[in-house]
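Single-structure report; data block below.
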Number of protein chains: 2
Amino acid sequence: MRLDDIDHQIVAQLLQNARASYAQVGDAVGLSAPAVKRRVDRLRHDGVITGYTAVVDPAALGWTTEAFIEIFCTGATAPEEIYASVRKHPEVVAAYTVTGEASALVHLRARDIQHLEAVLERLRREQNIVQTKTTIVLSRLIGRPTDAPTS
Amino acid sequence: MRLDDIDHQIVAQLLQNARASYAQVGDAVGLSAPAVKRRVDRLRHDGVITGYTAVVDPAALGWTTEAFIEIFCTGATAPEEIYASVRKHPEVVAAYTVTGEASALVHLRARDIQHLEAVLERLRREQNIVQTKTTIVLSRLIGRPTDAPTS
DNA sequence: ACTGAAAGAATACGCTC
DNA sequence: GAGCGTATTCTTTCAGT
């Protein structure tokens, strides 16, 4: 599962435009369309590329509020339990276990402040969670869509 | 620029698989392929969909370390200045200005801990930045690839 | 919404290193 | 044998009506 330079170029192309045709990608990297397809198939099979997604502007869909929540859990709560508590909430975009005082860091998006408040209440009702600390995003400076997949 | 229910379904489909054909999307939402294309064109034109990207597993590319850095700036540093200080570093995946004590929150990815350390040193050399507080990601619990675009 | 022309994807086959 | 390219067939896309 070693990736050569052309593999990296192909990945870069697909990061830029996941709907590009194999011929287009081939033009960019100096390969024929079937050769590109073979490599992409391999990259998918090897788990380097796990999927393709549209890049959507949340604000255009009416999701104007974004926040990071530090979650503090009881004693030694396993990551699986945190996962279970957090995955139910569709507003959660990402969640991580982290070093430091907090047990986990949750990245979420809400329609507005009222919606955010509702989500926080829901989160705090979870059994494991004893405290939350919210940091609201004022503005997004950079946001490369480079996040890893759910599945 | 109002979106009806079918628009939302189309967006959901493309979030799930950006390389799906118009016919496939049409099947899922109950429309013909050309009708889907018209709507997608409109969604792109209206800035709801800003692009398409591959979902890549950073670990498979050798990027195993991830961290969130709270950045503390001198006095009243403008968001533009923070942006300028942060955008140069390719390891930065996302950056936000936030409420709370910190001026900004930076999400970054590095190859390993040594690389992370190097990035932190680079960041701290920036003029505006007086202090950083690093939180290292131990494990990713959830990561829906729903982040907004760069441009 | 449907049809016809054009473009792209997938497979098979032959060539080179 | 591993990898690329060409050729063919089949599907998808797109612009007309």
Side-chain angles (χ1 to χ4, degrees), chain A residues 1-58 60-61 144-151, chain B residues 1-63 111 144-151:
Chain A
M1 194 185 103
R2 264 281 282 299
L3 308 187
D4 64 12
D5 186 53
I6 294 181
D7 288 324
H8 282 100
Q9 287 184 50
I10 290 175
V11 169
Q13 288 292 322
L14 290 176
L15 282 172
Q16 228 186 312
N17 177 17
R19 276 188 86 88
S21 71
Y22 293 125
Q24 275 177 275
V25 176
D27 269 4
V29 308
L31 244 58
S32 72
V36 172
K37 184 191 176 340
R38 277 192 289 265
R39 279 171 181 263
V40 170
D41 284 346
R42 200 196 67 222
L43 290 168
R44 292 219 50 165
H45 180 265
D46 290 351
V48 177
I49 298 173
T50 59
Y52 306 97
T53 188
V55 183
V56 170
D57 179 11
L61 290 171
R144 310 194 221 274
T146 316
D147 263 3
T150 290
S151 51
Chain B
M1 194 183 103
R2 265 278 285 297
L3 308 187
D4 65 13
D5 186 51
I6 294 181
D7 288 324
H8 282 100
Q9 287 183 48
I10 291 175
V11 169
Q13 287 293 322
L14 289 175
L15 282 172
Q16 229 186 312
N17 177 16
R19 277 188 85 87
S21 71
Y22 292 127
Q24 275 176 276
V25 177
D27 270 3
V29 307
L31 243 57
S32 71
V36 173
K37 187 192 180 323
R38 274 194 295 270
R39 280 172 182 261
V40 171
D41 284 347
R42 200 196 67 223
L43 290 168
R44 291 218 52 164
H45 180 264
D46 291 351
V48 176
I49 298 172
T50 59
Y52 305 97
T53 188
V55 183
V56 170
D57 179 11
L61 290 170
W63 293 67
R111 287 183 210 285
R144 308 194 222 274
T146 315
D147 264 5
T150 290
S151 52

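So you know, we letter chains A, B, ... as the sequences are listed, proteins then strands, and number each from 1. Quick caveat, the model's predicted, so the values are computed rather than measured.
Donor-acceptor pairing under 3.5 Å is recorded for the side chains of Gln9(A) and Asp5(A).
Remark: the backbone N or O of Val48(A) is not paired with any side-chain donor or acceptor of Asp46(A) at under 3.5 angstrom. Between the side chain of Gln24(B) and the main chain of Ser21(B), a donor-acceptor pair closer than 3.5 Å is present.
Contact record, Val56(A) with Pro58(A): O-CD, 3.1 Å, taken as the closest heavy-atom pair.
Applying the salt bridge (Lys or Arg N to Asp or Glu O under 4.0 Å) rule to pairs touching residues 7-35 of chain A yields Asp7(A)-Arg39(A), Asp7(A)-Arg42(A), sequence neighbours excluded.
Bracketed by its first and final contacts, the part of DNA chain C lying under 4.0 Å from non-hydrogen atoms of chain A reaches from dG8(C) to dT11(C) in 5' to 3' order.
The structure places CG of Asn17(B) at 9.0 Å from OG1 of Thr53(A), a figure rounded to the nearest 0.5 Å.
Taking the side chain as every heavy atom from C-beta outward, Leu14(A) and Val40(A) approach each other to under 4.5 Å.
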Reading nucleotides 2-17 of chain D 5' to 3', which nucleotides get B (base under 4.0 Å from a protein heavy atom), which S (sugar-phosphate only), which -? --BBB-----SSS---

